[in-house]
Novice: 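Got a structure for you, written out below as structure tokens; questions coming shortly.
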Protein chains: 2
Amino acid sequence: MLDNFFNKLSKGMTLTEAEKAIFRQHISVKRLRKHQYLLQEGEICKSVAFVSKGMLRSYLVDEKNNEHIIQFAPEGWFISDLNSFITEDISSLNIEAIEDSELILISKASHVYLETAVPGFYKFNYLQYRGAYMSLQKRLTDMFMLSTEEKYTKLLSIYPDITQRVPQHMIASYLGLTPETLSRVRKKLFVKKD
Amino acid sequence: MLDNFFNKLSKGMTLTEAEKAIFRQHISVKRLRKHQYLLQEGEICKSVAFVSKGMLRSYLVDEKNNEHIIQFAPEGWFISDLNSFITEDISSLNIEAIEDSELILISKASHVYLETAVPGFYKFNYLQYRGAYMSLQKRLTDMFMLSTEEKYTKLLSIYPDITQRVPQHMIASYLGLTPETLSRVRKKLFVKKD
DNA sequence: ATTATTTCTTGATTCATATCAATACATTGG
DNA sequence: CCAATGTATTGATATGAATCAAGAAATAAT
């Protein structure tokens with residue numbers, strides 16, 4: 001069950017068996033059933049979570065009670081409220097399992113410890129965040145440059161199985177659209193394909 | 001003139017005099033006058049630039065020839081087309097000086113060298129990208145959650161001197177607005193303040 | 001100084017998407 | 001099985017921002 005996690009690490013750093021043992025002592029495993037929360041706004045984000053199975057989403061709620069999805073995290077991804085994790089301020093984010101999920105948690109203390117105990121961990125984190133930064137930059141420019149229709153089709157091309165795993169209104173929220181608008185966009189797309 | 005650069009590095013890592021010497025051997029200095037380009041679309045991004053003086057912007061041009069500003073980089077910031085830098089594919093970004101500027105360039109080969117020659121450089125980069133990732137996440141959620149007026153006032157509160165240094169139509173582009181819309185938003189704001 | 005160029009403002013109109021409202025459809029739970 | 005809840009569709013209308021167009025203001029160039 002830690003295999004996914006060590007696999008992920010191995011992609012950004014060299015990882016010895018001894019180091020794996022150190023990791024094992026500094027992580028914990030958590031299971032969430034669908035609809036359960038890893039974090040709710042107002043709490044402090046105590047750990048970074050690696051998703052070894054299932055899927056989570058993080059979202060914000062605005063004054064009008066609209067949800068805005070920040071991130072989906074299927075297996076192989078990390079999720080947290082980074083800002084709260086680092087500053088230890090209260091979080092404005094909610095993180096919820098949208099499938100039954102298995103998580104590997106790294107607490108702040110453990111993270112700090114691992115950074116010095118496992119030298120390659122800096123490199124891993126560097127590559128991890130650099131990649132995350134690049135993806136986010138693409139997402140932002142897509143928001144600016146693409147039409148609503150293109151945003152949706154591009155999302156499908158990158159994550160083809162997303163419609164099977166994520167309800168449509170959440171996809172709409174992730175794209176910054178109302179459910180109604182996404183429904184109409186899809187209608188147009190399917191008419192075209194006939 | 002390298003002081004700004006070493007200061008920046010020191011904020012994320014410990015930096016010995018010996019390491020400074022290594023850096024000096026692996027960086028180059030470049031001056032750009034206003035309107036000159038560090039990178040134009042179609043080229044390969046050969047280096048990451050640290051802005052020690054002045055200010056640059058990176059932007060994309062869409063099919064309708066509209067510019068979309070991705071980033072402003074005043075002194076103390078890094079700028080590049082990360083994607084092109086890493087993959088060595090051609091860039092779709094333009095990077096232009098919007099003031100007379102002084103840059104410190106790190107080529108790809110140097111970057112790779114420095115990562116191993118200066119152990120703390122991983123830590124620096126990790127923190128750098130982690131911070132950049134968090135800022136970008138805020139920018140994205142602001143785009144989703146704030147009204148046009150709020151986007152502008154928030155930008156002003158974070159970068160109060162931006163109106164002095166950056167033409168208004170570029171601020172509009174950065175916020176994803178047309179110049180006309182920003183002009184009208186400002187009019188409303190100033191009427192209110194009377 | 002005077003012209004040229006860039007930047008900003010203002011008005012009229014169009015367009016895309018949000019909003020509001022109702023209904024259909026699907027899934028879950030007692 | 002039926003109610004309850006959650007999810008998706010569809011229509012009518014409102015709204016905010018884009019677009020088109022013209023002119024004013026500011027800045028730079030000769």
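Chain identifiers are assigned alphabetically (A, B, ...) following the order of the sequence lines, protein sequences preceding nucleic acid strands; residue numbering begins at 1 within each chain.
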Novice: Centre-to-centre under 6.0 Å for A:Tyr174 and A:Tyr159, is that the case here?
Specialist: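 Centroid distance A:Tyr174-A:Tyr159: not below 6.0 Å, so no.
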
Novice: Calculate the interatomic distance between B:Gln164 atom CD and D:dT27 atom C1'; express it in whole Å.
Specialist: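 It is 16 Å, rounded to the nearest whole Å.
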
Novice: Counting only side-chain N and O atoms of B:Gln168, is one of them less than 4.0 Å from OP1 or OP2 of C:dT9?
Specialist: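 So the side-chain polar atoms of B:Gln168 do come within 4.0 Å of the phosphate oxygens OP1 or OP2 of C:dT9, strictly under.
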
Novice: D:dA18, C:dT7, D:dT10: which one has an atom nearest the side-chain heavy atoms of B:His169?
Specialist: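 For B:His169, the side-chain atoms sit closest to C:dT7.
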
Novice: Provide, to the nearest angstrom, the distance between the NZ atom belonging to A:Lys151 and the P atom belonging to C:dT17.
Specialist: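 Roughly 8 Å, once rounded to whole Å.
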
Novice: Between B:Lys187 and C:dT9, does any side-chain N or O lie under 4.0 Å from OP1 or OP2?
Specialist: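 B:Lys187 to C:dT9 OP1/OP2: no side-chain N or O under 4.0 Å.
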
Novice: In terms of side-chain geometry, is the basic nitrogen of B:Glu75 or B:Arg165 positioned less than 4.0 Å from the acidic oxygen of its partner?
Specialist: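 Yes, B:Glu75 and B:Arg165 are salt-bridged.
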
Novice: Quick one: which of C:dT9, D:dT9, D:dA18 gets closest to the side chain of A:Arg186?
Specialist: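 Nearest listed nucleotide: D:dT9.
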
Novice: Looking at A:Glu88 and A:Lys108, is there a salt bridge between them, counting it only when a charged N and a carboxylate O are closer than 4.0 Å?
Specialist: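 Result for this pair is yes, salt bridge flagged.
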
Novice: Kindly point out which of D:dT7, D:dT9, D:dA17 is positioned nearest to the side chain of A:Pro167?
Specialist: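 Output: D:dT7.
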
Novice: With a 3.5 Å cut-off and no angle check, do the side chains of B:Asn4 and B:Ser52 form a donor-acceptor pair?
Specialist: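 No, B:Ser52 and B:Asn4 have no side-chain donor paired with an acceptor closer than 3.5 Å.
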
Novice: Given atom CD of B:Glu180 and atom C1' of D:dA18, what is their separation to the nearest angstrom?
Specialist: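 My rounded result for the distance is 8 Å.
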
Novice: How are the rings of B:Tyr126 and A:Tyr122 set to each other: parallel, tilted or perpendicular (split at 30° and 60°)?
Specialist: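 Taking A:Tyr122 first and then B:Tyr126, their aromatic rings sit tilted (interplane angle of 30° to 60°).
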
Novice: Kindly point out which of D:dA8, C:dT19, C:dT9 is positioned nearest to the side chain of A:Arg184?
Specialist: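 Closest nucleotide among those given: C:dT19.
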
Novice: Report the distance from atom CD of B:Glu149 to atom C1' of D:dT15, rounded to the nearest whole Å.
Specialist: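 Distance, rounded to whole Å: 15 Å.
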
Novice: Could you state the atom-to-atom distance from CG of A:Leu177 to C1' of C:dA18 in whole Å?
Specialist: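 Taking CG of A:Leu177 and C1' of C:dA18, I get 11 Å after rounding.
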
Novice: Write down the distance between CG (B:Asn65) and P (D:dA18), rounded to a whole number of angstrom.
Specialist: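 Checked: the CG to P distance equals 18 Å.
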
Novice: For B:Ile171 and C:dT7, give me the distance from atom CD1 to atom C1', rounded to whole Å.
Specialist: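 In whole Å, C:dT7 C1' and B:Ile171 CD1 are 12 Å from each other.
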
Novice: Counting heavy atoms from C-beta on, name the nucleotide in C:dT17, C:dG11, D:dA18 closest to the side chain of B:Thr178.
Specialist: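 When the side chain of B:Thr178 is considered, D:dA18 is the closest of C:dT17, C:dG11, D:dA18.
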
Novice: Among D:dT9, D:dA17, C:dT10, which nucleotide has an atom closest to any side-chain atom of B:Thr148?
Specialist: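 Nearest nucleotide to the side chain: D:dA17.
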
Novice: Need to verify one output field. Residue with the more 5' nearest nucleotide on DNA chain C, A:Leu182 or B:Ser183?
Specialist: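 Nearer the 5' end of the strand: B:Ser183.
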
Novice: Can you tell me how far P of D:dT7 sits from CZ of A:Arg165, to the nearest Å?
Specialist: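 Between P of D:dT7 and CZ of A:Arg165: 17 Å.
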
